[in-house]
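See structure below.
Counting starts at 1 for both ligands and their atoms, in listed order. Heavy-atom basis, side chains included; hydrogens, waters and symmetry copies ignored.
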Amino acid sequence: MIKLSHIEKRFGDAVILKDISLDIAEGSVTALVGPSGGGKSTLLRCINLLEIPTAGALQIGDARLEFAPGRKIGWPAIQKIRRQTGMVFQNFQLFPHRTAIENVMEGLTTVLGWPKAKARERAMELLVKVGMEHKADAWPATLSGGQQQRIAIARALAPSPQVLLCDEPTSALDPELSGEVVDVLGKLAAEGTTMVMATHDLRLASRIANVVVFLEAGQIVETGPAKSLFQTPQHDRTRQFISSINAAQTL
Ligand SMILES: Nc1ncnc2c1ncn2[C@@H]1O[C@H](COP(=O)(O)OP(=O)(O)OP(=O)(O)O)[C@@H](O)[C@H]1O
Ligand SMILES: [Mg+2]
């Protein structure tokens with residue numbers, strides 16, 4: 001279980017996240033949607049402490065941290081949270097000078113100190129899971145975007161994090177390659193992987209998310225099951241946003 005309580009994030013005087021409280025159940029998929037600049041990426045980055053919230057509290061499993069302006073969070077506490085999260089980025093961010101399987105092994109050998117053989121075995125299991133075992137020894141530059149993203153997902157899952165955080169995992173991909181990645185994410189969701197995902201793709205959100213959070217100007221406007229939030233939104237802003245996206249997606 002992940003719990004965000006009254007999270008606030010400021011950059012200088014600008015308040016980017018305001019009073020965000022959210023409970024993320026184990027095994028659930030939460031989609032963050034909303035207009036550009038609304039704070040989706042910042043919220044994901046606050047969950048793995050790539051950004052330190054200015055105020056509020058974050059709990060992942062038995063690790064709990066409270067934030068306050070001027071309070072320093074020590075590196076061990078940051079690492080404890082970060083080890084429980086895996087992150088997938090829009091632009092994959094694979095290590096270019098490592099093969100696919102080496103990318104997946106990297107965190108296991110360098111951060112967790114696993115022996116190479118054990119890390120390779122775990123990495124191969126994950127490559128099978130994302131349908132990429134046949135490219136284990138390929139260099140990232142020789143792979144399609146969809147293939148690179150599936151390697152990045154395997155890499156993020158390697159240390160068995162409590163939650164997989166995905167920031168626009170399909171938006172750099174054309175529809176066919178995006179479909180491959182959606183299939184993998186759907187399979188992980190069906191297996192009970194806890195995920196939080198920022199996405200502009202409402203079809204992706206409605207296909208795999210249990211809960212959709214509509215975020216605008218750093219605030220949660222509305223939260224609900226995908227079906228009711230997309231079909232019968234309660235707030236005008238949510239309704240406008242959804243109809244604008246639907247119009248754009250059918251053009
Ligand atoms: N390091 C930073 N310093 C200052 N402002 C920042 C920083 N990072 C993000 N912001 C601001 O925070 C706001 C939220 O940005 P964020 O990237 O979280 O939005 P988003 O919802 O992910 O948008 P998009 O849909 O375009 O990805 C924006 O106004 C952005 O300019
Ligand atoms: Mg973003």
Side-chain angles (χ1 to χ4, degrees), residues 2 4-22 24 29-56 58 67 69-73 78 81-82 85-93 145 148-149 152-153 156 163-175 178 181-182 185 195-209 211-224 226 229-230 233 235-249 251:
I2 298 172
L4 309 182
S5 312
H6 307 292
I7 291 287
E8 180 192 272
K9 177 64 187 173
R10 292 172 182 258
F11 288 111
D13 289 339
V15 184
I16 304 299
L17 295 176
K18 292 171 206 154
D19 197 23
I20 303 280
S21 293
L22 195 59
I24 296 158
V29 178
T30 303
L32 307 176
V33 304
S36 186
K40 302 179 293 295
S41 298
T42 306
L43 184 57
L44 287 175
R45 292 165 63 81
C46 281
I47 299 177
N48 70 356
L49 302 184
L50 281 174
E51 299 290 355
I52 304 293
T54 321
L58 167 67
F67 310 97
R71 181 182 298 171
K72 268 245 168 244
I73 305 292
I78 292 178
I81 293 277
R82 231 176 251 168
T85 65
M87 184 96 169
V88 172
F89 302 91
Q90 175 177 353
N91 55 353
F92 331 129
Q93 298 196 7
Q148 290 186 55
Q149 191 61 300
I153 291 168
V163 60
L164 184 66
L165 306 171
C166 304
D167 196 355
E168 308 281 357
T170 59
S171 59
L173 303 172
D174 67 31
S178 151
V181 171
V182 172
L185 294 172
M195 291 191 246
V196 184
M197 180 178 344
T199 184
H200 287 279
D201 183 345
L202 299 193
R203 274 171 297 197
L204 169 63
S206 55
R207 179 164 154 201
I208 69 174
V211 181
V212 179
V213 175
F214 177 63
L215 199 63
E216 184 179 51
Q219 283 179 302
I220 295 179
V221 175
E222 186 166 349
T223 300
L229 195 123
F230 291 149
H235 286 77
D236 283 346
R237 270 305 295 142
T238 321
R239 203 168 299 133
Q240 280 167 16
F241 174 76
I242 287 164
S243 59
S244 71
I245 292 256
N246 281 339
Q249 286 183 348
L251 282 178

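- Nearest heavy-atom pair, L185 versus M195, reported as atom, atom and distance to 0.1 Å: O-CE, 3.2 Å.
- Annotation: atom 26 (O) of ligand 1 to nearest protein heavy atom, S36 OG, 2.5 Å.
- Ranking protein heavy atoms by distance to atom 28 (C) of ligand 1, first place goes to G37 O, 3.9 Å.
- G39 and L17 make their closest contact through O-CD2, 3.6 Å (heavy atoms, listed as atom of the first residue, atom of the second, distance).
- Here T42 has heavy atoms under 4.0 Å from ligand 1 in both its backbone and its side chain.
- Counting only distance, with no hydrogens or angles, the side chain of T54 and the backbone of R10 share a donor-acceptor pair below 3.5 Å.
- Counting only heavy atoms of the protein, atom 9 (C) of ligand 1 lies nearest to F11 CE1, 3.8 Å.
- At least one heavy atom of H200 sits under 4.0 Å from some atom of ligand 1.
- Protein non-hydrogen atoms do not reach within 4.0 Å of atom 30 (C) of ligand 1.
- Residue contacts to the Mg ion (ligand 2): S41 brings an N, O or S atom closer than 2.8 Å.
- Looking at atom 25 (O) of ligand 1, its nearest protein heavy atom turns out to be K40 NZ, 2.7 Å.
- When all heavy atoms are compared, the tightest approach of G224 to L229 is N-CD1, 3.7 Å.
- Closest heavy-atom approach to atom 27 (O) of ligand 1 among the candidates G39, S41, G34: S41.
- The closest approach between A198 and ligand 1 stays at or above 4.0 Å for every heavy atom of the residue.
- Atoms CZ and CG, on F89 and L44 in that order, are 9.5 Å from each other to the nearest 0.5 Å.
- For ligand 1, the atoms lying closer than 4.0 Å to a non-hydrogen atom of I16 are 11 (C), 12 (O), 13 (C), 14 (C).
- Contact detail for P169 and L204: the closest heavy-atom pair is CG-CD2, 4.4 Å.
- In plain terms, the two heavy atoms of A156 and V88 that are nearest each other are CB-CG2, 3.8 Å.
- Between A172 and Q90 the shortest heavy-atom distance is CB-O, 3.6 Å.
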